[in-house]
Protein chains: 2
Amino acid sequence: MTTKTATAGSRARDGRTTREAILAAATRLIHVHGYNQTALDDVLRESGVGKGNFYYHFKSKEDLGYAILDQVVASFLERTLAPCFSDPAGRPLAQIRCFLDRVLETQRERNCVGGCPLGNLAAELSDVHEGFRTRLAQVFAAWRERLTEALREARRRGEVGDDCRPEAVADFLVASLEGAILLTKVTKDIAVMEQCVGEIKRYLSLYEPRT
Amino acid sequence: MTTKTATAGSRARDGRTTREAILAAATRLIHVHGYNQTALDDVLRESGVGKGNFYYHFKSKEDLGYAILDQVVASFLERTLAPCFSDPAGRPLAQIRCFLDRVLETQRERNCVGGCPLGNLAAELSDVHEGFRTRLAQVFAAWRERLTEALREARRRGEVGDDCRPEAVADFLVASLEGAILLTKVTKDIAVMEQCVGEIKRYLSLYEPRT
DNA sequence: GGTTATGTACCGACTGGTTGGTACACATGA
DNA sequence: TCATGTGTACCAACCAGTCGGTACATAACC
């Protein structure tokens with residue numbers, strides 16, 4: 001109903017559809033100000049879209065929130081998670097380490113500002129908006145699942161011992177990364193992130209068979 | 001300026017001062033709804049205090065925020081952190097493990113609702129309110145310092161090896177705990193917290209000399 | 001081909017409700 | 001009577017969402 005064939009649909013706006021322009025602005029704003037603290041008017045001003053137009057493309061602010069979540073997730077999967085696990089022949093543990101470095105690099109690039117978009121939304125909305133909570137829980141589950149899969153493969157290959165419980169380790173990896181990002185965001189000190197990633201790597205080595 | 005001598009000052013309200021009543025209600029509300037999303041009127045209704053009275057005791061909502069932060073910190077230090085490290089003769093690693101269990105227990109009691117008050121505020125305000133950010137950073141530093149101290153003592157006693165860098169390990173402990181609490185809050189599954197605490201303990205054992 | 005009709009995309013003023021904060025009257029006790 | 005508390009009415013700013021209306025393309029009908 002809303003999607004059109006490329007050029008058609010909404011009028012061009014820097015080559016993007018109106019919907020895309022709104023999404024881009026809102027994603028940026030919500031990343032730093034949070035969902036509730038981002039006023040619709042701010043999004044409108046930033047994207048140059050009128051109010052009526054906004055409500056033509058989105059049912060409500062909540063609707064926009066869900067769309068943003070989808071976009072953040074897609075971008076995370078494509079740009080951060082997937083690239084590290086793309087090679088099916090690659091060694092799982094190395095892939096996980098690659099992923100850790102990539103997350104660290106993201107925080108460095110962003111100058112410790114913004115934290116994790118998913119983590120932020122989780123902290124802000126989990127206890128207050130069941131719909132968002134459920135959606136966020138699914139996202140984290142998918143993320144954890146990707147890591148669990150890698151760890152299972154690592155076990156199959158003997159890269160880690162049988163004492164490694166993939167689900168538990170994956171949960172912990174996600175948790176400690178989220179925590180590290182949060183702590184980095186408060187302290188505004190990238191060294192915190194570096195140290196944490198370093199310790200996560202040491203933790204992972206725990207499961208490698210003794211050489 | 002604000003503190004009074006026990007019974008004196010404001011009139012009694014269930015044996016508490018007005019200030020205490022406001023603080024208690026606000027702390028509860030902010031814990032689940034966040035700082036910005038907690039309306040002053042909600043705090044007023046919940047505490048049964050009038051608006052004029054509120055502004056007699058607090059300069060602004062921001063002022064209340066700082067007071068709450070102080071209270072949350074005090075309660076955390078006294079009720080969760082300090083008890084585990086009270087015995088100067090106790091073994092540091094055991095004290096840290098005791099603390100981990102205590103945090104887990106707190107989440108269980110709260111039914112995975114609310115998350116960590118400090119973590120929530122950190123996520124919500126770090127990038128948006130420099131004053132709160134600085135204050136929160138100090139709090140986390142103090143928390144980390146307490147753990148660093150225990151780890152240094154552990155090293156002195158030979159409970160952990162020289163490869164254990166107390167500051168880095170303390171940072172990581174705080175981060176992974178915060179992350180675990182957050183993930184538990186999204187999933188509403190205490191098993192996540194249990195698994196994470198379990199993995200943190202395994203991680204700690206990494207530094208114990210081989211038996 | 002020209003007129004009428006329809007659906008898509010868009011605009012900005014407005015509304016009803018909420019929010020942090022103020023003004024001020026009143027009470028109480030030393 | 002004067003400082004300390006407390007309640008109530010009120011305000012300006014803000015915010016999500018609505019509404020009436022415009023612009024324009026394509027389609028339908030004669």
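Just the heavy atoms: all of them, side chains too, but no hydrogens, waters or symmetry mates, feed the values below. Numbered from 1 within each chain, the chains take letters A, B, ... in sequence-line order.
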Round to a whole Å and report the spacing from [atom1] of [X] to [atom2] of [N].
X       : N      : atom1 : atom2 : value
A:Asn53 : D:dG20 : CG    : C1'   : 16 Å
B:Asp41 : C:dG21 : CG    : P     : 12 Å
A:Ile30 : D:dA16 : CD1   : C1'   : 14 Å
A:Phe58 : D:dC15 : CZ    : P     : 19 Å
B:Arg45 : C:dT18 : CZ    : C1'   : 11 Å
B:Gln37 : D:dC14 : CD    : P     : 17 Å
A:Asp63 : D:dA16 : CG    : C1'   : 14 Å
B:Asn36 : D:dC14 : CG    : C1'   : 13 Å

Handout entry: Pairing of A:Glu105 and A:Arg102 as salt bridge, 4.0 angstrom limit
Key =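 No.
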
Handout entry: Short side-chain N/O contact to C:dG20 OP1/OP2 from B:Ser60, under 4.0 Å
Key =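 Checking C:dG20 against B:Ser60, no side-chain N or O comes under 4.0 Å of OP1 or OP2.
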
Practice task
Kindly say if B:Tyr56 contacts the phosphate of D:dT6, meaning a side-chain N or O under 4.0 Å from OP1 or OP2.
Solution key: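 Negative; the distance criterion is not met.
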
Exercise for the section: Could you tell me the separation between the CD atom of B:Gln37 and the CG atom of A:Asp127, rounded to the nearest 0.5 Å? Expected result: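 Between B:Gln37 CD and A:Asp127 CG, I get 13.5 Å after rounding to 0.5 Å.
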
Handout entry: Pairwise distance CD(B:Glu167) to CD(B:Glu145) - rounded to 0.5 angstrom
Key =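 CD of B:Glu145 is found 7.5 Å from CD of B:Glu167.
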
Considering only [options], which nucleotide approaches the side chain of [X] most closely?
X       : options                : value
A:Leu40 : D:dT6, D:dA16, C:dG21  : D:dA16
A:Ala39 : D:dG17, C:dG20, D:dC15 : D:dC15
B:His57 : D:dT6, C:dC11, D:dG17  : D:dT6

Exercise for the section: For A:Lys51, report the nucleic acid contact type (base, sugar-phosphate, nothing); a contact means any heavy atom under 4.0 Å. Expected result: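 It contacts base atoms.
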
Exercise for the section: Taking all non-hydrogen atoms of both residues into account, name the closest pair between A:Phe54 and A:Ser60 and its distance. Expected result: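 Of all heavy-atom pairs spanning A:Phe54 and A:Ser60, the closest is CZ-O, 4.1 Å.
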
Exercise for the section: May I ask you to check whether A:Phe132 and A:Tyr35 place their ring centers less than 6.0 Å from one another? Expected result: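 Under 6.0 Å, so yes.
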
